[in-house]
Amino acid sequence: QVSLLESGGGWVQAGGSLRLSCAASGGTFSSGTMTWFRQSPGKEREFVAAIRWPGISTYYGDSVKGRFAISRDSRKNTAFLQMNNLRPEDTAVYYCAASQQRIISSYVYTAPYSYWGQGTQVTVSS
C-alpha cells in the first residue's frame with residue numbers, strides 16, 4: 001500500500017521561503033503524477049502544482065506561478081515544492097497527492113488521485 005509523508009511546513013514571514021517534501025513509499029512510480037493542493041478554513045481544496053513523468057511536465061495554479069516550483073527526485077520517490085516570496089494568502093494546509101498514472105488533463109481535480117498525505121501546515125504572517 002502506497003503512503004505519502006509530507007514535511008517542511010511551518011511559519012514564515014511574508015516574503016520568505018519554505019520547501020515542502022512528499023516522500024512516497026510502498027509502491028513503484030515508474031510513471032505517475034504528484035501534485036500539491038492546499039486548503040484554508042472555509043475554502044475548497046485548491047490546486048497548487050503538479051509534476052508528471054516520464055518526460056517531465058510541470059503545471060502551476062495561477063496564484064503561485066513565478067513563485068513556486070515543483071520538482072521530483074526519482075531515486076527517492078520524493079516530490080518537492082519550493083515556495084518563494086510567500087504571501088499571507090498562501091497560508092493553508094498543504095496536501096500531497098499521487099497517482100501511478102500520468103494524469104493528462106484533470107490533474108487540477110482531487111478525484112484522479114489514489115493516494116494522499118496527511119497535510120502540513122504553512123503559515124505566512126504579514
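All heavy atoms count here, side chains included; hydrogens, waters and symmetry mates do not. From a predicted model like this one, the values you see are computed outputs, not experimental measurements.
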Quiz item: If you look at every heavy atom in Ser63 and Glu46, which pair is closest and at what distance?
Solution: OG-OE2, 3.4 Å

Practice problem: Using the test side-chain contact (heavy atoms from CB on, under 4.5 Å), find all partners of Lys65 that sit at least two apart in sequence or belong to another chain. | Solution: Tyr60, Asp62

Quiz item: Taking only residues two or more places apart in sequence or in another chain, which ones pass side-chain contact (heavy atoms from CB on, under 4.5 Å) with Val122?
Solution: Leu18, Leu20, Met83, Tyr94, Val124

Quiz item: How far apart are the closest heavy atoms of Trp116 and Phe37, and which atoms are they?
Solution: CH2-CD1, 3.6 Å

Quiz prompt | Least distance between heavy atoms, Ser126 atom then Ala14 atom | solution = CA-CB, 4.3 Å

Quiz prompt | Side-chain (Arg52) to main-chain (Ile104) donor-acceptor, under 3.5 angstrom | solution = yes

Quiz item: Linking Ile, Leu, Val, Met, Phe, Trp and Tyr by side-chain heavy atoms under 4.5 Å, what else ends up with Leu5?
Solution: none

Quiz item: Shared ILVMFWY cluster between Ile70 and Val64, side chains joined below 4.5 angstrom?
Solution: yes

Practice problem: Not counting sequence neighbours, which residues clear side-chain hydrogen bond (donor to acceptor under 3.5 Å, both in side chains) with Ser3? List them please. | Solution: Ser25

Self-check item: Sidechain-backbone polar pair: Gln100 side chain, Thr28 backbone, donor-acceptor under 3.5 Å
Solution: yes

Quiz item: To the nearest 0.5 Å, what is the distance between OG1 (Thr123) and CD (Gln13)?
Solution: 12.5 Å

Self-check item: Tyr95 with Tyr107, same ILVMFWY side-chain cluster at under 4.5 Å
Solution: yes

Self-check item: Within-4.5 Å side-chain heavy-atom neighbours: Pro112 and Ser99
Solution: no

Exercise. Find out if a path of hydrophobic residues (ILVMFWY) with successive side-chain heavy-atom gaps under 4.5 Å connects Leu4 to Tyr109.
Key: no

Self-check item: Pair listing, disulfide (SG to SG under 2.5 Å) test, anchored in residues 21-105, at least two apart
Solution: Cys22-Cys96

Quiz item: Partners of Trp53 by ring-ring contact (aromatic ring centres under 6.0 Å, His included), sequence neighbours excluded?
Solution: none

Do any side-chain atoms of residues 29-36 form donor-acceptor pairs under 3.5 angstrom with protein atoms, and if so which ones, sequence neighbours left out?
residue : atom : partner : partner atom : Å
Thr33   : OG1  : Gln101  : O            : 2.9
Thr33   : OG1  : Ile103  : N            : 2.9
Thr35   : OG1  : Tyr113  : OH           : 2.7

Practice problem: Quick one: which residue pairs count as a side chain to side chain donor-acceptor pair (under 3.5 Å) with a foot in residues 80-91, not counting sequence neighbours? | Solution: Ser17-Asn84, Arg38-Asp90, Arg67-Asp90, Gln82-Asn84

Self-check item: Cluster link Tyr115 to Ile51, ILVMFWY, side chain under 4.5 Å
Solution: yes

Exercise. For Arg72 and Asn77, work out which heavy atoms get closest and say how close.
Key: NH2-OD1, 3.4 Å

Self-check item: Members sharing Phe80's hydrophobic cluster (side chains within less than 4.5 Å)
Solution: none

Practice problem: Would you give the length of the straight line joining atom OG1 of Thr110 to atom CD of Glu44, rounded to the nearest 0.5 angstrom? | Solution: 9.0 Å

Quiz item: Considering residues, nucleotides and ligands other than Gln118, do more than 12 of their heavy atoms fall under 6.0 Å from its CD?
Solution: yes

Self-check item: Summary of disulfide (SG to SG under 2.5 Å) pairs that have at least one residue in residues 40-93, sequence neighbours excluded
Solution: none

Practice problem: Can you tell me which residue pairs pass the disulfide (SG to SG under 2.5 Å) test with a partner in residues 50-87, sequence neighbours excluded? | Solution: none

Self-check item: Set of residues satisfying side-chain contact (heavy atoms from CB on, under 4.5 Å) with respect to Ser40, sequence neighbours excluded
Solution: Lys43, Ala92

